[in-house]
Amino acid sequence: MSELQFVRLGFGTDAVEYRTAWDKQREVHAARFADEIGDTCLLLEHPPVYTAGRRTQDSERPLDGTPVVDVDRGGKITWHGPGQLVGYPILKLPRPVDVVAHVRRLEEALIRTAAEFGVATTRIEGRSGVWVLGDPVEQRPSLGGLSLDFDPRLTDEEFDPRLHGPEYAPSNAGQRREDRKLAAIGIRVAKGVTMHGFSFNVNPDNAWFDRIIPCGIRDAGVASLANELGRDVTVKEVLPVVEKHLRDVLENAEPKPREIERPVETASA
């Protein structure tokens, strides 16, 4: 890939409203498609906002009617806000685009970032993003005095963890020693150029996630770098580390077009 340029749009008191950043993404996307600029990654914080990808179901949205911004990325509903580092890598990829490979590269950069701070993370099959693994199921504390074999989140399709307080809250997944997501990824590719990207939980108030079904996942929760380390960590502290690993992974990658399986021709009699 070409040299990656970083643009720091705003943090803290200068956090960027989501729709403003979305407009900026579209502007940069058009310029990248036209080869007026090189690959560019926007980095920022947002004021508190819920955003919903195209696969979000009504049952995953806030119960109290809190406004949600519907967006054109993949994935489901999530939250952005203070203490969370958001990155929008806008990159030109070869066609046909290999979306999964792009997601894996973003995950790798964030896994390396977490490792540099002393937090071991990984991928989970079928669930995008960067995860802190929980204890084996048999070693976790029971919920509501029940064996985890009867976890209602898994056995009752109508069970809603949002209505059952801290015992099932996504923000308390670490206390329950469950799998928990440290960084979420949701992207869109238009005209061979990527949009949207990742959110990395540095030290946000994860209770914001308790009002939704984060990423549509009911049996896991959310994590933050600060909670995992048991100490304060700032976005300012994490920012250069994320940039370093994004640059290393993305600039040294050799993206290839997605392989297309062609039908095997059979000889006729």
Side-chain angles (χ1 to χ4, degrees), residues 45-46 48-53 55-69 71 73-86 107 110 114 119-137 139-146 148 150-186 198-230 233:
E45 277 180 283
H46 287 303
V49 61
Y50 292 105
T51 70
R55 297 191 299 110
T56 301
Q57 300 178 17
D58 289 343
S59 61
E60 296 161 350
R61 296 170 181 264
L63 289 171
D64 60 2
T66 299
V68 175
V69 179
V71 296
R73 60 166 170 78
K76 294 196 172 190
I77 192 168
T78 192
W79 172 84
H80 300 306
Q84 184 188 77
L85 176 57
V86 174
E107 290 171 344
L110 299 178
V119 176
T121 58
T122 188
R123 301 176 177 89
I124 293 181
E125 184 69 27
R127 293 180 169 179
S128 67
V130 174
W131 293 81
V132 178
L133 289 183
D135 292 346
V137 171
Q139 296 178 18
R140 299 178 193 171
S142 60
L143 297 174
L146 296 175
L148 286 177
F150 300 98
D151 185 344
R153 295 173 300 174
L154 303 177
T155 59
D156 183 352
E157 293 182 359
E158 296 184 359
F159 182 84
D160 193 331
R162 296 170 296 179
L163 299 175
H164 291 78
E167 191 169 51
Y168 293 94
S171 61
N172 288 334
Q175 296 177 32
R176 297 191 300 268
R177 303 201 296 274
E178 295 177 343
D179 295 345
R180 48 208 183 270
K181 184 180 284 191
L182 181 64
I185 295 176
F198 66 85
S199 54
F200 188 94
N201 294 331
V202 178
N203 62 351
D205 178 0
N206 276 348
W208 285 93
F209 289 100
D210 296 343
R211 301 165 70 180
I212 59 174
I213 307 296
C215 303
I217 299 174
R218 297 176 182 271
D219 61 329
V222 290
S224 72
L225 205 57
N227 285 344
E228 295 301 320
L229 292 171
V233 188

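Just so it is clear, the values below take in all heavy atoms, side chains as well, and ignore hydrogens, waters and symmetry mates. Because the structure is predicted, anything quoted here is derived from the model rather than measured.
Listed by chain and residue number, Glu45, Pro48, Trp79 satisfy the side chain to side chain contact (heavy atoms under 4.5 Å, CB included) test with Pro82 (two or more places apart in sequence, or in another chain). Leu229 is linked by a side chain to side chain contact (heavy atoms under 4.5 Å, CB included) to Phe117, Val119, Leu225, Arg231, Val233, counting only residues two or more places apart in sequence or in another chain. Legend: residues meeting side chain to side chain contact (heavy atoms under 4.5 Å, CB included) with Ser171, ordered by chain and number and at least two apart, are Ala169, Asn206, Asp210. For the salt bridge (charged side-chain N to carboxylate O under 4.0 Å, His left out) test, residues two or more places apart in sequence or in another chain that qualify with Arg127 are Asp219. Remark: Glu60 pairs with Lys76 by the salt bridge (charged side-chain N to carboxylate O under 4.0 Å, His left out) rule, at least two apart or across chains. For Asp64, the side chain to side chain contact (heavy atoms under 4.5 Å, CB included) partners are Pro62, Thr66, Arg211, not counting sequence neighbours.
Nearest heavy-atom pair across Phe209 and Gln84 is CZ-NE2, 4.0 Å. The shortest non-hydrogen separation linking Pro161 to Ile213 is CG-CD1, 3.8 Å. Looking at every heavy atom in both residues, Arg218 comes nearest to Phe159 through NH1-O, 3.4 Å. In this structure, Gly221 and Trp131 approach most closely via the heavy-atom pair O-CZ3, 4.2 Å. The minimum heavy-atom distance between Val86 and Ser199, with the atom names listed, is CG2-CB, 4.2 Å.
Side chains of Ile124 and Leu133 form a contact here, defined as non-hydrogen atoms less than 4.5 Å apart. A heavy-atom distance below 4.5 Å is found between the side chains of Lys181 and Cys215.
Here Leu85 contributes atom CG and Phe198 contributes atom CZ; the two are 5.5 Å apart, rounded to the nearest 0.5 Å. To the nearest 0.5 angstrom, Leu182 atom CG is 13.0 Å from Asp179 atom CG. Here the straight-line distance linking atom CD of Glu178 with atom CG of Asp135 works out to 10.0 Å at 0.5 Å rounding. The structure places CD1 of Ile185 at 8.5 Å from CZ of Arg123, a figure rounded to the nearest 0.5 Å. With rounding to the nearest 0.5 Å, the separation of CD1 in Ile212 from CG in Leu63 is 11.0 Å. Note that the CD1 atom of Ile77 and the OG atom of Ser59 stand 10.0 Å from one another [nearest 0.5 Å].
The ring of His80 has its center no closer than 6.0 angstrom to the ring center of Tyr50.
We find that Glu228 and Arg180 are joined by a salt bridge, their nearest charged nitrogen and carboxylate oxygen being less than 4.0 Å apart.
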**Study point:** side-chain contact (heavy atoms from CB on, under 4.5 Å) between Ser224 and Asn203, intermediate numbers included
**Key:** CA-CA 6 Å; Ser224 72; Asn203 62 351; 5.6 Å; no

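A donor-acceptor pair under 3.5 Å links the side-chain atoms of Arg73 to the main chain of Thr51, judged by distance alone.
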